[in-house]
Colleague: 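What follows is a single structure, and I will ask about it in a moment.
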Amino acid sequence: MKTKIIITGGTGYIGSHTAVALLESGYEVVLIDNLCNSSINTVGNIYSITGLRPKMEIVDLCSKKECDEVFNKHGDAIGIIHFAALKAVGESVQKPLRYYQNNLTALMNTLDSAVKNKINNFIFSSSATVYGQPEKVPISEQEKTKRPFSPYGNSKKIGEEIMEDLTLVNKELSIISLRYFNPIGAHKSGFLGELPTGTPNNLMPYITQTAIGLRDKLFVFGNDYPTKDGTPIRDYVHVLDLADAHLKALERILNGQNESPMEVFNIGSGKGYSVLDVIYAFERVSGQKLPYEITTRREGDVPELISSADLANEKLGWRATRGLEEMVASAWEWEKKLR
Ligand code: NAD
Ligand code: UFG
């Protein structure tokens, strides 16, 4: 019999790519999502890629009753990958309670249902924002976490602390928190990718929407940072590499290879690219000029975030394999297919 894994936030951007990776590796997959930031069509798109249809449960994990019901129904699952969260950094500053309420309630309800159903293997979507402005780059997992600038980022930091407390008393639980750097790109089939609602906050979808004509130009938020060309440097990681990291993390805890009840890994490429690097990579792969204008800094941005990817390589056997041009080209293919 196939082993069952629950993916919360499973119709979202990263969850859907991870669902494909799990199905292709022989797992039975149950997606749980309330569709607040994704579409039910994703289930069909996953089927188009894999020939396998994951079970879909439309559930708001903030409802304790709905959450308990769905976990009782799938109590035979052996692992949970928890993606469900709201993720717009700027919006979280405007609506802190909405972000704390959704992200922390959904996490706590899911953990409570996991414990009750003895589903002891749990992977959490965290973020490089937990490092705030780091003391040095590349950032290793030894770096102290700081209070993130946004309520969104803080919900990740608090989420990690909640899980740490829980593992102190629930000895059977094994948790891995993956701190993603900057996920971009799309599935090579063109069936899955990022679907931002409204005006994108993130660089990659803003670039592709500008190139396709939905936006007049890209605004580059500052060129006076202490970096090689003055624009901020980030560690971009292909969503397919990210999906593979979840598979490897899951297998580590399923096989009992974890060295402590709660482990933390950076998931980044270990390479840094400036905003202008990304624009130029886009121009190379698309063969078209991107209209852009340098404007003032965006509040909360830090000059440089680059991961040390060594621990994930050593312990998970994972390393990012796809380069910047491949990431940007796949995002562009996805944008063109959408329109
Ligand atoms: P996404 O918005 O595409 O996916 C999140 C999914 O969770 C959505 O489908 C949404 O409908 C669902 N969801 C939200 N609240 C829910 C609730 N209460 N009940 C049920 N479903 C709910 O986002 P993504 O980019 O795929 O991100 C996945 C995870 O990774 C999130 O936890 C996010 O915070 C984290 N993360 C993302 C990035 C990034 O840049 N994309 C970076 C670091 C961390
Ligand atoms: N940028 C622009 N113009 C835009 C959008 C972004 O110049 O229209 C710049 C930003 O100033 C930043 C870089 O592009 O320097 C990357 O910005 P993103 O918004 O794409 O990504 P962030 O690094 O701000 O944040 C992302 C995710 C967060 C996550 C974080 C972890 O959005 O959820 O990575 O590093 F927490």
Side-chain angles (χ1 to χ4, degrees), residues 7-18 31-40 42 57-63 66-67 70 81-90 92 98-99 101-107 109-110 124-131 139 148-150 152-153 155-156 159 178-184 193-197 199-207 209-210 215 217-223 225 227 231-237 239 242 246 266-268 273-276 278-279 292-307:
I7 303 185
T8 75
T11 44
Y13 172 45
I14 306 169
S16 58
H17 288 83
T18 303
L31 309 179
I32 300 180
D33 206 297
N34 66 354
L35 303 177
C36 71
N37 197 38
S38 57
S39 159
I40 190 72
T42 305
E57 302 283 2
I58 302 177
V59 164
D60 183 352
L61 292 167
C62 290
S63 155
E66 283 182 43
C67 183
V70 77
I81 307 184
H82 182 66
F83 292 101
L86 298 173
K87 64 163 182 176
V89 177
S92 79
R98 176 162 151 73
Y99 273 69
Q101 199 266 339
N102 187 76
N103 294 0
L104 295 178
T105 309
L107 172 65
N109 285 346
T110 302
F124 178 67
S125 292
S126 188
S127 163
T129 53
V130 300
Y131 295 115
I139 309 166
F149 159 76
S150 69
Y152 162 76
S155 77
K156 296 295 176 189
L178 298 178
R179 294 176 178 164
Y180 317 152
F181 280 65
N182 286 55
I184 60 169
E194 197 171 0
L195 265 180
T197 44
T199 309
N201 297 298
N202 298 118
L203 180 63
M204 197 65 247
Y206 209 106
I207 287 178
Q209 288 198 6
T210 303
R215 322 258 154 225
K217 59 184 162 190
L218 170 76
F219 293 97
V220 174
F221 300 136
N223 66 349
Y225 286 93
T227 61
T231 65
I233 290 182
R234 293 290 180 273
D235 178 336
Y236 296 92
V237 56
V239 69
L242 198 54
H246 288 81
N266 287 342
I267 302 296
Y273 294 102
S274 71
V275 175
L276 293 178
V278 180
I279 294 174
Y292 69 88
E293 181 186 319
I294 309 284
T295 174
T296 48
R297 290 182 179 197
R298 180 172 70 178
E299 207 182 331
D301 277 347
V302 298
E304 193 171 24
L305 283 176
I306 304 174
S307 69

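Every number for a ligand or one of its atoms is a count from 1 in the order of the listing. Since we're looking at a predicted model, the values are computed, not measured.
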Colleague: I want to know if ligand 2 touches R298 in the polar sense, i.e. an N/O pair below 3.5 angstrom.
Modeller: yes
Colleague: Any N/O of I14 closer than 3.5 Å to an N/O of ligand 1?
Modeller: yes
Colleague: Which is closest to atom 1 (P) of ligand 1 in terms of heavy atoms, I58, T110, N37?
Modeller: N37
Colleague: Would you say H82 has any N or O atom under 3.5 Å from an N or O of ligand 1, going by distance alone?
Modeller: no
Colleague: Checking R297 against Y225: charged group under 6.0 Å from the ring centre and within 45 degrees of the axis?
Modeller: yes
Colleague: N/O to N/O below 3.5 Å, does that happen between S126 and ligand 1?
Modeller: no
Colleague: Any idea which atoms of ligand 2 are less than 4.0 Å away from a heavy-atom of P232?
Modeller: 15 (O)
Colleague: Judging by distance only, is a nitrogen or oxygen of M204 under 3.5 angstrom from one on ligand 2?
Modeller: no
Colleague: Flag S127 as yes when one of its N or O atoms lies below 3.5 Å from any N or O atom of ligand 1, and as no otherwise.
Modeller: no
Colleague: Using heavy atoms and a 4.0 Å limit, tell me yes or no: is K156 in contact with ligand 1?
Modeller: yes
Colleague: Under 3.5 Å, is there a donor-acceptor pair between the T42 and T11 side chains?
Modeller: no
Colleague: Within the structure provided, determine whether F83 and D33 are in side-chain contact (heavy-atom separation under 4.5 Å).
Modeller: no
Colleague: Can you sort out the partners of H17 under ring-ring contact (aromatic ring centres under 6.0 Å, His included), two or more places apart, ordered by chain and number?
Modeller: Y13
Colleague: Taking both backbone and side-chain atoms of A84, is any N or O found less than 3.5 Å from an N or O belonging to ligand 1?
Modeller: no
Colleague: Under 3.5 Å, is there a donor-acceptor pair linking the side chains of D235 and S307?
Modeller: yes
Colleague: Quick one: look at V278 and ligand 2, take heavy-atom pairs under 4.0 Å, and tell me if it's side chain, backbone, both or neither.
Modeller: neither
Colleague: Number the atoms of ligand 2 from 1 as they appear, then name those within less than 4.0 Å of a heavy atom of N201, with their elements.
Modeller: 5 (C), 19 (O)
Colleague: Judging by distance only, is a nitrogen or oxygen of N102 under 3.5 angstrom from one on ligand 1?
Modeller: yes
Colleague: With heavy atoms of S127 as the reference, note each atom of ligand 2 found under 4.0 Å away.
Modeller: 29 (C), 31 (C), 36 (F)
Colleague: Taking the minimum heavy-atom distance to atom 23 (O) of ligand 1, which of M204, E57, E194, K87 ranks first?
Modeller: K87
Colleague: Please work out, at 4.0 Å between heavy atoms, whether the side chain, the backbone, both, or neither of V59 comes within that distance of ligand 1.
Modeller: backbone
Colleague: Measure from atom 14 (O) of ligand 2 to every heavy atom in V220, T210, V275, N202 and give the option owning the shortest one.
Modeller: V275
Colleague: Counting heavy atoms only, name the option from F221, F181, Y236 that's nearest to atom 16 (C) of ligand 2.
Modeller: Y236
